[in-house]
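For reference, the structure discussed in these notes is given below.
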Amino acid sequence: MRFSHACIESIGYSLPQEIWTSADVERRLAPLYERLRLPEGRLELMTGIRERRVWREDELPGDISIRSGRRALEAANWGPSRVGALVHGSVCRDHLEPATACRVHHELGLGEECVIYDLSNACLGLLNGMVQVAQMIELGMIDSGLVVGSESSRALLETTIDWLNANRSLDRKSIKAAVASLTIGSASAAILLVRRDLSRTGTRLLAASARVRSRFHGLCQSGRDEAAGDGMQPLMMTDSEALLTEGVETAGRNFERFLGETGWSRDDIQRSFCHQVGVAHRRALLERLQLPEANDYPTFDRLGNTGSAALPTALALGMQASPAPAGTRCALLGIGSGINCLMAGLEWNGVAISGEPLV
């Protein structure tokens, strides 16, 4: 997939104020740790995640998406009536129906002719949304589109901790399937894309490539969707080792196609932003793709794995922390359970970014 007319105009993001350190999580797991005689510090040592954040209990994903969406529009000084498409791309949503995009659309004051829908694809939803909006711009359907999503980790963290403490049949081997759930954090991001001739930034979305190896769809699964609703208590079981191995393999296969679509060599990539899983995943991915860690910006150590919001949030935070010069070639490297891989190439020329600084 190659693009000629799509630019990223702004990014809005939101982060929770409530912080759970890995030490805090282990204290909540005291009954399990005492029964299995697990050493303290194990969780941070295994994952590289020092802390993750959670939204307030009374906050819905749509509440946060509205906030991030406003930030993106205001940062770009882009009127709501100009937005031709709204994609809500997170796993988390307010209700099974209607689409969370409906409420976000209403609160942002977008027009009646705006195309809106929810898009769910594990950790790739927002990146998928960016590609879809870019395609709409390329086809001349719209002049601009907003992709937004908010991931909420509180319910999964609390349910996993309660299950681990209560299930006395678990041993050191069987608890491994729940470890990935303890790394999940909360975050929100919104990306405004506009037609190139209307853009003030000129930060172009150049190309994207996708790869899927769906025979590995069972490596990471949550509970059945019928359980959703008020009082939902989600659980997720993950074969972390196999998911890492097959995810990195999928990325390796997709990367060669990505280089072909962008026309880049590895040495042309000056910045990379990956989905934020943990220290082992980042190291294995960059080694497989032969990309230097020095050019990559991690956030998992402070935010955990924030699902579909992870990659755009890392892009925003990384560019705020160390602004890139005009013409910088950036690789967005997304992997989602399923297993799906989506990569996108940007020519960075500055983007308006609005959000709370990460301290």
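Residues: numbered from 1 along the sequence shown.
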Does [X] reach the main-chain N or O of [Y] with its side chain, forming a donor-acceptor pair under 3.5 Å?
X: R53; Y: A187; answer: no
X: R172; Y: L36; answer: yes
X: T262; Y: L259; answer: yes
X: R266; Y: L289; answer: yes
X: S90; Y: E151; answer: no

Residue pair [X] / [Y], side-chain heavy-atom distance below 4.5 Å:
X: F258; Y: I269; value: yes
X: L146; Y: L108; value: yes
X: S14; Y: R71; value: yes
X: L43; Y: L29; value: no
X: E261; Y: M343; value: no

- Task: Go through the steps for D171 and K173 under the test salt bridge (Lys or Arg N to Asp or Glu O under 4.0 Å), then give the verdict.
- Result: CA-CA 5 Å; D171 55 26; K173 181 179 180 179; over 6 Å; no
Rounded to the nearest 0.5 Å, how far apart are [atom1] of [X] and [atom2] of [Y]?
X: L192; Y: W78; atom1: CG; atom2: CH2; answer: 6.5 Å
X: S4; Y: I137; atom1: OG; atom2: CD1; answer: 12.0 Å
X: M1; Y: S209; atom1: CE; atom2: OG; answer: 6.5 Å
X: Y33; Y: N165; atom1: OH; atom2: CG; answer: 10.5 Å
X: S120; Y: R93; atom1: OG; atom2: CZ; answer: 6.0 Å
X: E112; Y: H105; atom1: CD; atom2: NE2; answer: 7.5 Å

Where do [X] and [Y] come nearest, in terms of heavy atoms and distance?
X: G125; Y: S308; answer: N-CB, 3.8 Å
X: I64; Y: S188; answer: CG2-CB, 3.4 Å
X: L285; Y: C274; answer: CD2-SG, 3.7 Å
X: A178; Y: W163; answer: CB-CZ3, 4.2 Å

- Task: Decide if atom CD of E356 counts as having more than 12 heavy atoms of other residues, nucleotides or ligands within a radius under 6.0 Å.
- Result: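 Correct, the count exceeds 12.
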- Query: Take atom CD in E18; do more than 12 heavy atoms of anything else shown fall under 6.0 Å from it?
  - Reply: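 Yes, because the 6.0 Å sphere around CD of E18 holds more than 12 heavy atoms from other groups.
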- Listed by chain and number, what are the side chain to side chain donor-acceptor pair (under 3.5 Å) partners of T21, not counting sequence neighbours?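 Side chain to side chain donor-acceptor pair (under 3.5 Å) list for T21, sorted by chain: D24.
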